[in-house]
Peer 1: 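Below you'll find the structure I mean.
What you are looking at is a predicted structure, and each value in this text was computed from that prediction instead of being measured.
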There are 2 protein chains.
Amino acid sequence: MSVTIYDVAREANVSMATVSRVINGTAVVKEETKKRVQDAIERLGYRPNAVARGLASKRTRTIGVIVPDVSAAFVAEIVRGIEDIANMYNYHIILTNSDADTHREVSLIGTMWEKQVDGILYMTNILNQEHITAFEQAEIPVVLCATEDPEKRIPSVNIDNRKAGSDAANYLEKKSCQNIAIVSPDIGTSLIADHRIEGVRKKLGNKCTFIHVGKGKYEQALPILRNIFQNKNYDGVIAMSDELGLASVHAIHDNGFQVPHDVRIIAFDNTRLATMVRPELTVIAQPMYDFGAVSMRLLTKMLLDEPVDTYNVILQHNIIERQSS
Amino acid sequence: MSVTIYDVAREANVSMATVSRVINGTAVVKEETKKRVQDAIERLGYRPNAVARGLASKRTRTIGVIVPDVSAAFVAEIVRGIEDIANMYNYHIILTNSDADTHREVSLIGTMWEKQVDGILYMTNILNQEHITAFEQAEIPVVLCATEDPEKRIPSVNIDNRKAGSDAANYLEKKSCQNIAIVSPDIGTSLIADHRIEGVRKKLGNKCTFIHVGKGKYEQALPILRNIFQNKNYDGVIAMSDELGLASVHAIHDNGFQVPHDVRIIAFDNTRLATMVRPELTVIAQPMYDFGAVSMRLLTKMLLDEPVDTYNVILQHNIIERQSS
DNA sequence: CTGTTAGCGCCTTCAC
DNA sequence: GTGAAGGCGCTAACAG
């Protein structure tokens with residue numbers, strides 16, 4: 001059978017309490033006995049059982065991470081940020097995909113509850129009352145990651161999406177674009193996209209047209225956009241993601257027009273895709289890794305009762321000018 | 001305080017054993033008392049504590065997943081496959097990134113041991129004795145995912161990389177390529193790449209040249225390749241990943257040559273990148289999602305003592321012909 | 001079909 | 001500075 005704290009205690013001629021103390025550094029132990037215990041641990045190849053620990057201490061050092069889909073580049077980058085910081089603070093993450101399905105999300109929050117996670121990092125497109133209720137019921141600290149709660153009831157890490165939207169609009173306007181197409185997922189699909197659109201509209205008023213392309217996937221968007229850009233109606237495009245920006249580029253090329261000569265394009269995100277294509281995409285860069293890292297850090301602060309100055313962190317976005325504009 | 005199985009028992013006027021039975025369906029319970037228990041559970045909003053469960057039953061329904069880096073498209077896709085199947089069998093995953101660093105990997109295996117995971121899904125570039133030893137010490141079922149153990153000591157899911165390499169070579173040869181460049185990460189970086197190269201070499205002999213580009217990242221590879229393709233020395237390229245394939249395309253274009261007119265390119269992987277660029281990449285497609293899904297399924301079989309016919313699964317790869325060749 | 005009784009491996013007072 | 005003892009919430013025999 002596996003070796004327990006009790007075995008170590010006997011081997012070192014101390015009580016299990018003492019072993020526990022040296023393992024956790026939870027109290028002062030005489031240097032000599034500490035050494036004896038450490039030797040015993042090594043000799044026996046002892047590993048503390050985290051499950052038993054979790055049961056006794058009521059803290060599992062595990063964070064539940066709920067995202068729409070890890071296989072999306074944007075999300076994967078965030079998850080990496082989360083895991084890095086979690087790891088730094090000696091936490092581990094249970095990762096689940098929700099496909100942004102509310103029913104599934106609520107169910108997952110319940111699962112995290114059962115798993116006794118110390119906290120939840122949550123990412124989704126639309127946050128509604130069902131989520132809030134589930135969070136409250138589970139009584140677990142939650143941080144929203146790249147996800148907005150309009151009423152700011154829950155700690156979160158975001159960029160200022162309205163500002164980002166208007167920045168994008170501003171940029172194209174300064175480039176003298178007159179007819180700007182906003183390429184985005186269907187309205188109501190993502191609160192964040194909706195906020196950006198608000199920002200754009202506020203700036204551009206009627207100088208822009210909204211083009212909705214389903215769920216925002218390249219494959220789905222391309223044929224739609226190819227149709228849209230058949231004629232030279234637009235001289236500027238704001239795309240809600242690199243993927244949609246790229247689909248726009250290709251749709252425009254396919255109709256015999258040039259980017260940026262005929263149409264200037266700016267896209268959101270700045271995933272690696274943006275610099276791996278020709279023309280390279282001008283972007284409103286989002287700090288994806290930092291979304292993850294900062295939200296995880298905020299969560300650790302909450303868990304460790306460290307002081308936090310803002311529970312709704314706004315990270316900076318910035319424009320990176322490249323070939324597509 | 002949170003409600004326990006004991007509270008439910010009292011509320012339903014039964015023993016906690018009975019509650020446990022209806023929760024787990026572990027024995028037949030009279031329909032009426034079952035109903036009473038279920039009502040009590042609902043009334044109290046009871047959720048079984050998975051940690052306590054894990055301690056008592058010695059099974060946590062948690063799988064440790066160790067990958068080099070989730071933010072890599074290839075990996076993220078696999079992780080999605082893993083999580084989907086895990087979820088289907090009511091398991092959850094603890095995800096960690098190793099950056100393919102042996103020291104860190106061994107340490108992570110230890111962590112998984114402490115966490116009492118029921119099994120480990122493992123992905124890395126090079127598997128050596130240290131890993132094997134760590135696995136044996138932890139005594140946890142392991143499945144290698146898109147990772148080869150040359151001696152097949154550990155269950156695994158892969159494609160036949162040597163065959164895939166020779167298929168790629170074959171393909172370009174049939175297209176009458178005479179001078180083929182093999183663009184790959186530095187040798188010894190990845191066993192899988194090395195095996196593919198073996199396959200290529202066996203087929204092509206001296207008709208090919210090996211070009212090593214560090215860690216296989218686009219940004220790093222591009223300048224190197226731009227240099228390599230300055231002159232019209234090659235008429236074919238086999239790239240070890242979509243990313244390197246794309247870097248080759250751009251390097252060739254930058255030197256004023258055309259793909260596929262002057263140089264035909266075939267790449268490995270078939271991540272979404274392959275169809276999101278122009279020209280679209282001809283690929284040796286790897287079943288990434290299935291790597292994850294199948295390896296997770298194999299692991300569940302091992303955990304549930306279901307019969308398994310092969311512990312070293314070989315998935316099919318296939319050539320998808322697109323614009324780059 | 002249901003209840004009783006031990007633990008699972010560890011943390012955490014409380015004494016000494 | 002160290003030991004003893006009582007849980008944490010649940011599963012798993014073993015009785016009845």
Side-chain angles (χ1 to χ4, degrees), chain A residues 1-38 40-41 44-62 90 110-111 113-118 138-139, chain B residues 1-38 40-41 44-62 90 110-111 113-118 138-139:
Chain A
M1 228 19 242
S2 58
V3 14
T4 75
I5 198 174
Y6 188 76
D7 300 322
V8 176
R10 206 177 22 195
E11 176 86 7
N13 265 312
V14 296
S15 71
M16 33 184 300
T18 300
V19 178
S20 175
R21 283 180 192 115
V22 346
I23 292 173
N24 299 301
T26 207
V28 190
V29 178
K30 204 201 294 177
E31 199 53 46
E32 186 214 319
T33 58
K34 182 194 283 190
K35 178 92 173 67
R36 230 171 47 236
V37 171
Q38 287 167 335
I41 287 177
L44 267 42
Y46 167 73
R47 286 273 185 169
N49 179 326
V51 175
R53 218 127 85 139
L55 183 59
S57 69
K58 297 181 162 303
R59 293 187 294 100
T60 55
R61 305 210 71 83
T62 302
N90 199 20
T111 305
W113 179 11
E114 291 189 355
K115 286 272 184 179
Q116 309 291 117
V117 298
D118 293 343
E139 295 181 319
Chain B
M1 224 22 240
S2 58
V3 14
T4 74
I5 197 173
Y6 188 76
D7 300 322
V8 176
R10 207 178 19 193
E11 175 86 7
N13 264 310
V14 295
S15 72
M16 34 185 296
T18 300
V19 177
S20 175
R21 284 181 191 114
V22 345
I23 291 173
N24 299 303
T26 207
V28 190
V29 177
K30 203 201 294 176
E31 200 52 46
E32 184 214 317
T33 59
K34 182 194 284 187
K35 179 91 174 68
R36 226 167 55 235
V37 171
Q38 287 168 333
I41 289 178
L44 268 42
Y46 168 73
R47 285 273 185 168
N49 179 326
V51 175
R53 219 129 83 142
L55 183 58
S57 68
K58 296 180 163 304
R59 293 187 293 99
T60 55
R61 305 210 70 83
T62 302
N90 200 20
T111 303
W113 178 11
E114 291 189 355
K115 287 272 186 179
Q116 308 291 117
V117 299
D118 293 343
E139 296 182 318

Peer 1: Going by side chain to side chain donor-acceptor pair (under 3.5 Å), B:Glu32 matches just one of B:Lys30, B:Arg36, B:Lys35. Which one?
Peer 2: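 Answer after filtering B:Lys30, B:Arg36, B:Lys35: B:Arg36.
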Peer 1: Should A:Thr18 be listed as having a side-chain N or O under 4.0 Å from OP1 or OP2 of D:dG3?
Peer 2: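 Indeed, a polar side-chain atom of A:Thr18 lies that close.
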Peer 1: Nearest whole Å is fine: how far is D:dG9 P from B:Leu55 CG?
Peer 2: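 After rounding, the gap between these two atoms is 12 Å.
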Peer 1: Taking only side-chain N and O atoms of A:Lys58, does any of them lie within less than 4.0 angstrom of OP1 or OP2 on C:dT12?
Peer 2: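 Checking A:Lys58 against C:dT12: no side-chain N or O falls below 4.0 Å of OP1 or OP2.
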Peer 1: So, is B:Ser15 near the phosphate of C:dG3, with a side-chain N or O under 4.0 Å from OP1 or OP2?
Peer 2: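 Affirmative; the distance criterion is met.
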Peer 1: To the nearest Å, how far apart are A:Asp7 CG and C:dG9 C1'?
Peer 2: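 Roughly 10 Å, once rounded to whole Å.
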Peer 1: Less than 4.5 Å apart, side chain to side chain, heavy atoms only: is that true for A:Glu11 and A:Val3?
Peer 2: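 A side-chain contact is absent here, since even the closest heavy-atom pair is not under 4.5 Å.
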Peer 1: For A:Val19, report the nucleic acid contact type (base, sugar-phosphate, nothing); a contact means any heavy atom under 4.0 Å.
Peer 2: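 No contact.
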Peer 1: Out of C:dC10, D:dG9, C:dT13, which has the shortest distance to the side chain of A:Arg53?
Peer 2: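 Looking only at side-chain atoms, A:Arg53 lies closest to C:dC10.
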Peer 1: Phosphate oxygens OP1/OP2 of D:dG7: is one of them under 4.0 Å from a side-chain N or O of B:Tyr6?
Peer 2: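 For D:dG7, neither OP1 nor OP2 has a side-chain N or O of B:Tyr6 closer than 4.0 Å.
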Peer 1: For the side chain of B:Pro48, counting heavy atoms from C-beta on, which of D:dC10, D:dA12, C:dC14 is nearest?
Peer 2: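 Shortest atom-to-atom distance from the side chain points to D:dC10.
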Peer 1: Nearest of C:dC10, C:dG3, D:dG9 to any side-chain atom of A:Ala56?
Peer 2: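 Closest nucleotide to the A:Ala56 side chain: C:dC10.
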Peer 1: Less than 3.5 Å between a donor and an acceptor, one on the side chain of B:Arg47 and one on the base of D:dG9, is that the case here?
Peer 2: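 A donor-acceptor contact between them is absent.
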Peer 1: Name the residue closer to the 5' end of DNA chain C, choosing between A:Arg21 and A:Thr4 according to the nucleotide with the nearest heavy atom.
Peer 2: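 The 5'-side residue here is A:Thr4.
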Peer 1: Holding to side chain to side chain donor-acceptor pair (under 3.5 Å), I want the full list of residues that pass it with A:Thr33, two or more places apart in sequence or in another chain.
Peer 2: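 For A:Thr33 there are no side chain to side chain donor-acceptor pair (under 3.5 Å) partners, ignoring immediate neighbours.
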Peer 1: Can you sort out which residues in residues 22-38 of chain A have a heavy atom within less than 4.0 Å of DNA chain D? Ascending by number, please.
Peer 2: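 The answer is A:Val28, A:Val29, A:Lys30, A:Thr33.
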Peer 1: Heavy atoms under 4.0 Å, any strand shown: does A:Val51 hit a base, just sugar-phosphate, or nothing?
Peer 2: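 It contacts nothing in the nucleic acid.
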